Amino acid sequence: MPKNSNFFLDVYDVVRCIPYGRVSSYGAIGAYLGTVKSARMVGWAMNQAHNLSPPVPAHRVVNRNGLLTGKNHFSTPTRMHELLTNEGVQVINDQIINLEEYFWDPQDHLQC
DNA sequence: TTCCTGACTCCAG
DNA sequence: CCTGGAGCCAGGA
């Protein structure tokens, strides 16, 4: 059923490259792939990422404000928050604290 | 087939 | 400072 289009695979690849305890944004991933204005597609890709293997750490992907906009799409609304907190990321009221400290831009690393 | 929605972001008013 | 519209494109009804 998944089309596995190149774009989606690239998204998954980038997300899987996000280090432990770090987070990234849809826009940053889109920018890395050259489709800045397609941030929605990144989110859409995450929607399919649930059944993929190896699993994609979708909880490390948030919007540009560090807000856990996708928490509702996890098994439980608190799952995303719990996972991030478990990795040492401070999250309060569904928002990441000190986002700049945890933010990971794929363009910064250029590779895993 | 068309129409609508959405885990986003930017820009104008 | 806050609000709304546009761009993006894949799927479901």
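Labels below follow one simple rule: chain letters A, B, ... track the order of the sequence lines, proteins then strands, and each chain is numbered from 1. Quick note: numbers below take in every heavy atom, side chains included, and nothing from hydrogens, waters or symmetry partners. If you're wondering where the values come from, they're calculated on a predicted model, not measured in any experiment.
The side chain of A/Tyr26 has B/dA7 as its nearest neighbour among B/dA7, C/dG7, C/dA10. Checking B/dC8, C/dA10, B/dA7 against the side-chain heavy atoms of A/Ala39 singles out B/dC8 as nearest. Checking B/dG6, B/dA7, C/dC8 against every side-chain atom of A/Lys37, the shortest atom distance belongs to C/dC8. For A/Phe8, taking side-chain heavy atoms from C-beta onward, the closest of the listed nucleotides C/dA10, B/dA7, C/dC8 is C/dA10. Of the listed nucleotides (C/dG11, C/dC9, B/dA7), C/dC9 has the atom at the smallest distance from the side chain of A/Ser38.
Of the side-chain N and O atoms in A/Gln48, one or more sit less than 4.0 angstrom from OP1 or OP2 of C/dG11. The shortest distance between the side-chain N/O atoms of A/Arg64 and the OP1/OP2 oxygens of B/dC10 is below 4.0 Å. The side chain of A/Thr69 contributes an N or O atom lying less than 4.0 Å from OP1 or OP2 of B/dC8.
Hydrophobic clustering of Ile, Leu, Val, Met, Phe, Trp and Tyr side chains at less than 4.5 Å, counting indirect connections, unites A/Leu9 with A/Val14.
The residue A/Ser25 sits close only to the backbone: its heavy atoms come under 4.0 Å of sugar-phosphate atoms, none of a base. Across all strands, A/Ala45 comes closer than 4.0 Å to no nucleic acid atom at all (heavy-atom distances). As judged by a 4.0 angstrom heavy-atom cut-off over every strand, A/His59 is placed among residues making no nucleic acid contact. Within the 4.0 angstrom heavy-atom criterion, only backbone atoms of the sugar-phosphate kind lie near A/Asn63; the bases stay farther away.
Remark: C1' of B/dA7 and CH2 of A/Trp44 are 10 Å apart, rounded to the nearest angstrom. What separates NZ of A/Lys71 from P of B/dC8 is a distance of 13 Å, to the nearest Å. Summarising the geometry, the separation between CD1 on A/Ile29 and P on B/dT9 is reported as 10 Å, rounded to the nearest angstrom. Rounded to an integer number of Å, the gap from A/Asn65 CG to B/dC8 C1' is 10 Å. For the pair A/Leu33 CG and B/dT9 P, the interatomic distance rounds to 14 Å; values are reported in whole Å. Atom CG of A/Asn72 is separated from atom C1' of B/dT5 by 16 Å (rounded to the nearest Å). The CG-C1' distance, from A/Leu9 to C/dA10, rounds to 15 Å in whole Å. Computed from coordinates, the A/Arg40 CZ to B/dA7 P distance equals 9 Å when rounded to whole Å.
With a cut-off of 3.5 Å on both pairing distances, the Watson-Crick or G-U wobble partner of B/dA12 is C/dT3. The nucleotide C/dG12 finds its pairing partner in B/dC3, both defining distances of the Watson-Crick or G-U wobble pair being shorter than 3.5 Å.
For the pair A/Phe7 and A/Leu33, the minimum side-chain heavy-atom distance is below 4.5 Å. Contact check for A/Arg60 versus A/Leu83: no side-chain heavy atoms found under the 4.5 Å cut-off. Contact of the A/Asp10 side chain with the A/Ile29 side chain is not registered, since no non-hydrogen atoms from C-beta on lie closer than 4.5 Å.
Atom CG of residue A/Leu68 and atom NE2 of residue A/His81 lie 7.5 Å apart, to the nearest 0.5 angstrom.
Nucleotides B/dC4 and C/dG5 have their P atoms positioned 15 Å apart, rounded to a whole Å.
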